[in-house]
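All residue numbers in this chain count up from 1 along the given sequence.
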Amino acid sequence: FRCIGRIAVQPRPYQLVPLLMALRLPTVRLLIGDDVGIGKTIESLLVARELLDRGEISRIAVLCPPQLAEQWQQEMKSKFHLDATLVLAGTAKRLERDLAPGESVFDRHPITIVSLDYIKAKSRRDDFVRQAPECIIVDEAHTCADSGGKTQQQRHQLVTKLGEDAGRHLILV
């Protein structure tokens, strides 16, 4: 694995299983559904880091509930040496002000952590789907199931649209 030399964590043997599975797929489509505390974050970031180090991707986005964004950012920085930009309701306007005409936040910032609650709105969702990175990690993916509620329906539509791009790597956690 190329990523092992570039991380600051010692993966447990079982945490390598999703990475082994991912490397057998031309396009990574994984659901990592381990118990709480087993290391789903590490497992998903191992896959993303490996794809990045192999040159198969150049951009990553983690979609998560806003209250988990800073935790993801810290894990990515401290354990995987990935500097991620937070794209939240409170940061998006500032990030957009610094863009050149026609440039997207996701062009300028190749590694992002995006609030599911911010990006799920139809006005932002469609632009995100068009400009989304080649690798998406969806944390708390069970909240994106279509159960009839408006919030979950918007999340479901977002993940469904992201999955329509057959070349996009998609890791559901």
Side-chain angles (χ1 to χ4, degrees), residues 18-19 21-22 25-36 38 40-52 56-73 75-76 82 84-99 101-173:
L19 178 56
M21 293 173 64
L25 301 170
T27 301
V28 177
R29 296 290 172 108
L30 286 179
L31 169 64
I32 301 174
D34 294 338
D35 286 335
V36 173
I38 298 296
K40 295 180 294 292
T41 301
I42 289 172
E43 292 171 342
S44 62
L45 288 173
L46 276 170
V47 173
R49 180 82 234 195
E50 183 69 17
L51 292 172
L52 191 64
E56 294 180 31
I57 62 169
S58 60
R59 300 180 304 139
I60 302 166
V62 174
L63 305 182
C64 67
Q67 65 272 19
L68 298 178
E70 289 181 5
Q71 181 180 337
W72 270 95
Q73 186 181 41
E75 291 283 306
M76 292 173 80
L82 297 170
T85 301
L86 296 176
V87 181
L88 311 169
T91 65
K93 293 252 189 263
R94 177 183 51 80
L95 293 170
E96 290 169 353
R97 274 196 305 264
D98 296 335
L99 299 176
E103 185 181 34
S104 81
V105 169
F106 306 101
D107 293 328
R108 172 77 60 92
H109 304 280
I111 302 173
T112 55
I113 300 165
V114 184
S115 163
L116 271 167
D117 291 341
Y118 172 75
I119 209 70
K120 71 183 180 191
K122 185 167 176 37
S123 60
R124 289 183 283 277
R125 178 183 68 220
D126 294 340
D127 285 341
F128 176 69
V129 169
R130 272 192 302 279
Q131 304 163 356
E134 346 34 311
C135 182
I136 305 284
I137 298 171
V138 182
D139 191 22
E140 300 292 328
H142 63 280
T143 66
C144 300
D146 189 9
S147 65
K150 182 172 174 69
T151 297
Q152 286 182 312
Q153 182 181 17
Q154 289 176 321
R155 290 178 178 178
H156 178 75
Q157 290 171 349
L158 170 63
V159 173
T160 299
K161 286 191 171 291
L162 288 168
E164 289 174 357
D165 180 346
R168 180 172 288 128
H169 302 284
L170 190 58
I171 305 166
L172 306 176
V173 181

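Across all non-hydrogen atoms, the minimal contact from R108 to D98 is NH2-O, 2.8 Å. The two atoms that bring P133 and I60 nearest to each other are CB-N, 3.7 Å, heavy atoms only. The minimum heavy-atom distance linking T91 with L86 is given by the pair OG1-O, 2.8 Å. Pairing each heavy atom of R29 with each of D165, the nearest pair is NH2-O, 2.6 Å. In terms of heavy atoms, M21 sits closest to L25 at O-CG, 3.5 Å. Contact between Q131 and S104 at its shortest, heavy atoms only, is OE1-CB, 2.9 Å.
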Let's go through L116 and L158 carefully: what are the C-alpha distance in whole Å and the side-chain angles of both, what is the deciding distance for side-chain contact (heavy atoms from CB on, under 4.5 Å) to 0.1 Å, and is it a yes or a no?
CA-CA 9 Å; L116 271 167; L158 170 63; 4.1 Å; yes
Determine, step by step, whether H142 and L172 satisfy the side-chain contact (heavy atoms from CB on, under 4.5 Å) criterion, reporting the C-alpha distance in whole Å, the side-chain angles of both residues, the deciding distance to 0.1 Å, and the verdict.
CA-CA 9 Å; H142 63 280; L172 306 176; over 6 Å; no
Quick one: do I137 and L45 satisfy side-chain contact (heavy atoms from CB on, under 4.5 Å)? Show the steps, please.
CA-CA 8 Å; I137 298 171; L45 288 173; 3.9 Å; yes
Is there a side-chain contact (heavy atoms from CB on, under 4.5 Å) between V114 and V105 once you walk through the steps?
CA-CA 11 Å; V114 184; V105 169; over 6 Å; no
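In this structure, I111 CD1 and L82 CG are separated by 4.5 Å, a value rounded to the nearest 0.5 Å. Of the inter-residue distances, the one linking L63 atom CG with I113 atom CD1 reads 10.5 Å to the nearest 0.5 angstrom. The distance from the CG atom of L162 to the CZ atom of R125 is 10.0 Å, given to the nearest 0.5 Å.
Proximity of a side-chain donor or acceptor of R59 to a complementary backbone N or O of A132 within less than 3.5 Å is detected. E56 contributes no side-chain N or O that, together with a main-chain N or O of L51, makes up a donor-acceptor pair within less than 3.5 Å. For T112 (side chain) and V87 (main-chain N/O), no donor-acceptor pair under 3.5 Å exists by modelled atom type.
S58 places a side-chain heavy atom less than 4.5 Å from the side chain of E134. Residues V47 and H169 are not in side-chain contact: their nearest non-hydrogen atoms beyond the backbone lie 4.5 Å or more apart. Between D146 and T160 the shortest side-chain heavy-atom distance does not fall below 4.5 Å. L30 is not listed as a side-chain neighbour of E43, based on a closest heavy-atom distance of 4.5 Å or more.
The side chain to side chain contact (heavy atoms under 4.5 Å, CB included) test with V173 is passed by exactly one of C64, P18, S44: S44.
Checked for salt-bridge contact, K122 and D126 meet the test: a charged N lies under 4.0 Å from a carboxylate O.
Other residues, nucleotides and ligands contribute at most 12 non-hydrogen atoms within 6.0 Å of the CD atom of E70.
Judged as a ring pair (Phe, Tyr, Trp, His ring centres under 6.0 Å), the pairs with a partner in residues 108-137 (not counting sequence neighbours) are, in order, F106-F128.
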